[in-house]
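Counting convention: from 1, in listed order, for ligands and their atoms alike. FYI, side chains are in, hydrogens and waters are out, and symmetry mates aren't considered; it's all heavy atoms of this structure.
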Amino acid sequence: MSDTMIHFENVSKIYPPDSVGVRNINLRIKPGEFVSVIGQSGTGKTTLVRLLIAEERPSHGKVSIGGWDITRIKDRDVPGLRRQIGVVFQDFKLLPQKTVWENAAFALEVAGVSPKRIQSTVPQVLKIVGLENKMHRYPRQLSGGEQQRVAIARSLVHRPKVLVADEPTGNLDSLNTREIMDLLLKINEFGTTVLLVTHNREVVNALHRRVVTLDGGRVVSDQEVGRYYL
Ligand SMILES: Nc1ncnc2c1ncn2[C@@H]1O[C@H](COP(=O)(O)OP(=O)(O)OP(=O)(O)O)[C@@H](O)[C@H]1O
Ligand SMILES: [Mg+2]
């Protein structure tokens with residue numbers, strides 16, 4: 001396997017007409033790394049995530065994932081990319097009319113996976129996040145932390161190589177935050193590369209992992225064992 005999982009080379013994103021998302025980003029993340037991205041509001045963290053999942057295309061430079069150059073990825077190839085990257089957001093983005101089980105199964109159904117494989121995969125991911133006993137509940141019947149665990153389960157159904165989490169604990173209290181962080185670390189231990197965007201000082205300082213700091217759309221610091229010093 002190549003020693004690069006995520007590669008940003010001289011990447012800039014200018015939102016038309018002239019709003020700078022990120023500027024000249026150079027970032028190489030190895031398979032199995034756990035990297036936190038921090039920075040003040042408006043410094044380009046979410047832009048980096050959107051470039052990685054091809055929700056946006058770079059204005060300049062090159063983005064690749066697992067050796068796949070996605071800089072100018074075609075719309076028809078985006079679903080294939082999304083199956084290789086699990087994504088988790090601050091606001092969970094669960095389907096309210098679907099149960100925990102159905103939320104996790106949905107991405108597999110959309111991808112045309114056989115009912116048999118759905119029946120075997122869904123319990124596995126719900127077990128990883130510790131929600132096997134609540135699979136028939138609806139999102140509104142769950143705590144915020146539990147809802148985020150459903151979102152994480154859903155992000156894992158395709159066995160992604162990379163998990164990207166944009167402020168996954170932004171809406172959670174400190175106990176739920178710790179549970180979600182433990183879960184992300186467990187997923188990382190299974191071998192998944194994790195990119196975590198966070199504002200949470202305690203989270204970053206407890207991780208003792210690599211920290212990339214953005215400011216004004218640029219990488220201003222990249223530390224192997226970083227601290228949150230903003
Ligand atoms: N669709 C868009 N059109 C124009 N400008 C945008 C767009 N999306 C983001 N920007 C700008 O790009 C810059 C970076 O935004 P981004 O959302 O990446 O920041 P962020 O670091 O995620 O901030 P936050 O911590 O508030 O989530 C900001 O100046 C923002 O105003
Ligand atoms: Mg953001």
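- Cation-pi check for K13 over Y15 is met; the charged atom lies under 6.0 angstrom from the ring centroid and within 45 degrees of its normal.
- Looking at ligand 1, you'll find an N or O of G42 within less than 3.5 Å of one of its N or O atoms.
- Summary of contacts: the protein heavy atom closest to atom 26 (O) of ligand 1 is S41 OG, 2.5 Å.
- No N or O atom of P16 sits closer than 3.5 Å to an N or O atom of ligand 1.
- Here the heavy atom of the protein found nearest to atom 21 (O) of ligand 1 is K45 NZ, 2.8 Å.
- Each of R137, Q147, R149 was evaluated against L131; a single residue qualifies, R149, per the side chain to side chain contact (heavy atoms under 4.5 Å, CB included) test.
- Taking a 4.0 Å cut-off on heavy atoms, H199 registers as neighbouring ligand 1.
- No donor-acceptor pair under 3.5 Å is formed between the side chain of T121 and the backbone N or O of I118.
- Considering only non-hydrogen protein atoms, atom 15 (O) of ligand 1 sits nearest to T47 OG1, 3.8 Å.
- Put simply, no part of V197 is less than 4.0 Å from ligand 1, judged by heavy atoms.
- At the top of the distance list for atom 6 (C) of ligand 1, counting protein heavy atoms only, stands Y15 CD1, 3.2 Å.
- A donor atom on one side chain and an acceptor atom on the other are not found under 3.5 Å apart for Q84 and H158.
- What sits closest to atom 13 (C) of ligand 1 on the protein, heavy atoms only, is V20 O, 3.3 Å.
- No option in T46, N171, T169, D166 other than N171 meets the side chain to side chain donor-acceptor pair (under 3.5 Å) test with Q90.
- Scanning the protein for heavy atoms near atom 5 (N) of ligand 1, the closest one is S19 OG, 2.8 Å.
- Atom CD1 of residue I70 and atom CD1 of residue I85 lie 5.5 Å apart, to the nearest 0.5 angstrom.
- Here the CG-CD1 distance, from L185 to I187, works out to 9.5 Å after rounding to the nearest 0.5 Å.
- The existence of a salt bridge linking R57 and D75 is confirmed by a sub-4.0 Å separation between a basic side-chain nitrogen and an acidic carboxylate oxygen.
- Polar contact check, E56 against ligand 1: no nitrogen or oxygen pair lies under 3.5 Å apart.
- Residue T46 has at least one N or O atom closer than 3.5 Å to an N or O atom of ligand 1.
- Side chain of Q148 to backbone of F89: a donor-acceptor contact under 3.5 angstrom is found.
- The closest approach between any non-hydrogen atom of G44 and ligand 1 is below 4.0 Å.
- Coordination check, T47 versus the Mg ion (ligand 2): failed, since every N/O/S atom of the residue sits at 2.8 Å or beyond.
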